[in-house]
Amino acid sequence: MRSAAEHLAQVLALVEPPEPRRVPLADALDAVLAVEVRAATDLPPFDNSAMDGYAVRAADAAEAREGAPVRLAVVGESAAGHPWPGTLAAGEAVRIMTGAPMPSGADAVVPQERVVVDRGAVAGDAAAGSVVAGDAAAGSAVAGSAVAGGAAAGDAAAGDSAAGDAVLLPAPAALSAHVRRRGEDAQHGDLVVPPGVRLRPRHLAAAAAAGVGEVVVVPAPRVAFLVTGDELVAPGGTLAPGQIFESNAVYLEAALRALGAVPVDLGAVGDSPDAVLAAVSGADADLVVTTGGASVGEHDPVKAGLAPAGVSFLTVAIQPGKPQGLGRIGGVPVVCLPGNPVAVAVCVEVFVAPAVRAMRGVAEPPWTPMRALEAWRCPPGREQVMPVTIDSEGVRPATSGGSGSHLAARLASADGLARVRAEADAVAAGDIVAVRRFTV
Ligand SMILES: Nc1nc2c(c(=O)[nH]1)N[C@H]1C(S)=C(S)[C@@H](COP(=O)(O)OP(=O)(O)OC[C@H]3O[C@@H](n4cnc5c(N)ncnc54)[C@H](O)[C@@H]3O)O[C@H]1N2
Ligand code: MOO
């Protein structure tokens with residue numbers, strides 16, 4: 001019998017990552033980046049305002065004081081997507097919105113709460129203009145110089161100015177205040193996401209912001225699955241004598257999806273070796289997984305169909321999961337699992353998931369030592385993989401029936417798996433076992 005570790009090495013040796021492919025960002029979530037993302041532009045692409053307010057020349061406001069504000073003529077407006085085309089001259093300000101380009105000549109932004117707008121002051125009769133204070137402080141700062149007219153306080157009103165108004169600045173503006181500098185986030189050509197990163201939403205946003213619309217990734221591997229057995233009926237149907245409900249295909253489809261693979265359902269082919277060979281041979285996949293028909297029985301169709309085509313059938317020192325097959329059909333790696341549902345779940349966690357993660361370039365989560373809180377028995381000579389419940393103190397068998405490979409319903413109560421070395425024939429309370437929460 002081959003050890004589980006040895007068998008895993010053989011499985012991993014058989015699989016290869018799919019060829020990297022260029023995909024739009026919308027299709028790249030969770031894929032592993034094959035080629036680094038570099039900024040296609042400076043980011044931000046231009047100097048712009050971090051505030052709604054007024055773009056000014058800091059030098060103009062240097063002498064501004066409470067009670068002696070500096071008055072600037074508002075000569076235009078720069079909004080996000082709508083730059084102001086001119087050049088700011090001494091004594092001028094431009095109304096500016098958050099994200100809008102800084103006008104040429106401007107080097108600071110004064111938030112609108114910190115100014116007082118003198119409505120219509122420049123265009124015509126200053127005395128007729130109304131003074132609009134952004135907030136109480138700004139209002140009081142210019143109380144002495146406020147021009148007669150209806151005064152109204154409030155942010156919205158203060159921002160509502162256009163060319164022809166003037167703004168009163170009650171304090172100096174620091175050079176570059178509230179200006180977001182071109183290239184301060186990333187410069188054209190800078191590394192934004194290195195290769196090997198599993199792309200999460202934040203990586204996609206960073207690539208998009210840097211002007212990159214497509215990325216080269218290791219695509220999700222296509223993993224085909226085939227279930228066998230004349231006794232299977234789709235869940236929800238009616239059982240005739242001797243029939244059982246199909247659960248392995250349901251599990252595999254979901255597990256493969258959870259692993260980031262593209263599941264390819266090859267169907268249920270009954271107990272015909274020819275049908276097994278035909279289904280597996282035609283699979284458009286990076287890996288094929290079969291369940292059932294891999295043992296020593298009279299009607300083991302997977303073994304009968306695939307062994308003559310070159311798949312090796314062997315026993316692995318693991319419980320559950322002893323009879324398995326491994327090889328290639330038409331160049332495509334094939335892993336044959338036994339049919340018992342718990343054996344399938346265990347073999348996916350121990351052999352198939354690591355293979356899928358290796359194909360994707362994703363790290364394998366570790367198994368960690370934990371304390372057994374109860375005693376249980378194990379089969380000598382095979383590494384036992386026991387479904388367990390997990391709490392902060394340790395683990396307990398999830399079922400009183402041990403790791404029986406047919407106990408599919410009870411598998412639902414487990415949190416993860418505990419591995420007991422092949423030499424042990426029992427676990428005592430207090431023993432240390434290797435544990436991992438289910439990864440699918
Ligand atoms: N004489 C021996 N008999 C068996 C041995 C042995 O060493 N000598 N090994 C046992 C072990 S261990 C296992 S595991 C099973 C594996 O047998 P197969 O891989 O041939 O699997 P099947 O017989 O086809 O199925 C086993 C079991 O699982 C049920 N099953 C199958 N497919 C599904 C499915 N898609 N959904 C739900 N349930 C499924 C099937 O009805 C059987 O009950 O062999 C032992 N025998
Ligand atoms: O190895 Mo089998 O999967 O024990 O029942």
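Both counts, for ligands and for their atoms, begin at 1 and track the order of listing.
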Next on the checklist: Between Glu349 and Arg437, does the salt bridge (charged side-chain N to carboxylate O under 4.0 Å, His left out) criterion hold? Intermediate values first, please.
Outcome noted: CA-CA 10 Å; Glu349 287 284 355; Arg437 287 189 178 274; over 6 Å; no

Please list, in number order, the atoms of ligand 2 under 4.0 Å from a heavy atom of [X].
X	value
Gly321	1 (O), 2 (Mo), 3 (O), 4 (O)
Pro320	1 (O), 3 (O), 4 (O)
Asn340	5 (O)
Ala343	3 (O)

When you compare the side chains of [X] and [Y], does any donor N or O come within less than 3.5 Å of an acceptor on the partner?
X	Y	result
Ser3	Glu383	no
Arg181	Ser176	yes
Gln187	Arg182	no

Checklist entry - Can you list every pair that meets salt bridge (charged side-chain N to carboxylate O under 4.0 Å, His left out) and has a residue in residues 254-271, with sequence neighbours left out? => result Glu253-Arg257

Next on the checklist: Per the salt bridge (charged side-chain N to carboxylate O under 4.0 Å, His left out) rule, what does the pair list look like for residues 186-210, sequence neighbours excluded?
Outcome noted: Asp30-Arg198, Asp30-Arg200

Checklist entry - Can you list the residues that meet the side chain to side chain contact (heavy atoms under 4.5 Å, CB included) rule with Leu373, with sequence neighbours excluded? => result Asp391, Glu393, Arg396

Checklist entry - Do the side chains of Arg222 and Asp284 get nearer than 4.5 Å, heavy atoms only? => result yes

Next on the checklist: Does only the side chain of Arg382 get under 4.0 Å from ligand 2, or the backbone, or both, or neither? Count heavy atoms.
Outcome noted: side chain

Item to check | Closest protein heavy atom (residue, atom, distance) for atom 5 (O) of ligand 2 | outcome: Ser405 OG, 2.5 Å

Item to check | Residues in contact with ligand 1, criterion: heavy atom under 4.0 Å | outcome: Val227, Thr228, Glu231, Leu232, Ile244, Phe245, Glu246, Ser247, Asn248, Gly292, Gly293, Ala294, Ser295, Val296, Asp300, Lys322, Pro323, Pro338, Gly339, Asn340, Pro341

Next on the checklist: Can you tell me how far apart CG (Asp52) and OG1 (Thr98) are? Round to the nearest 0.5 Å.
Outcome noted: 3.5 Å

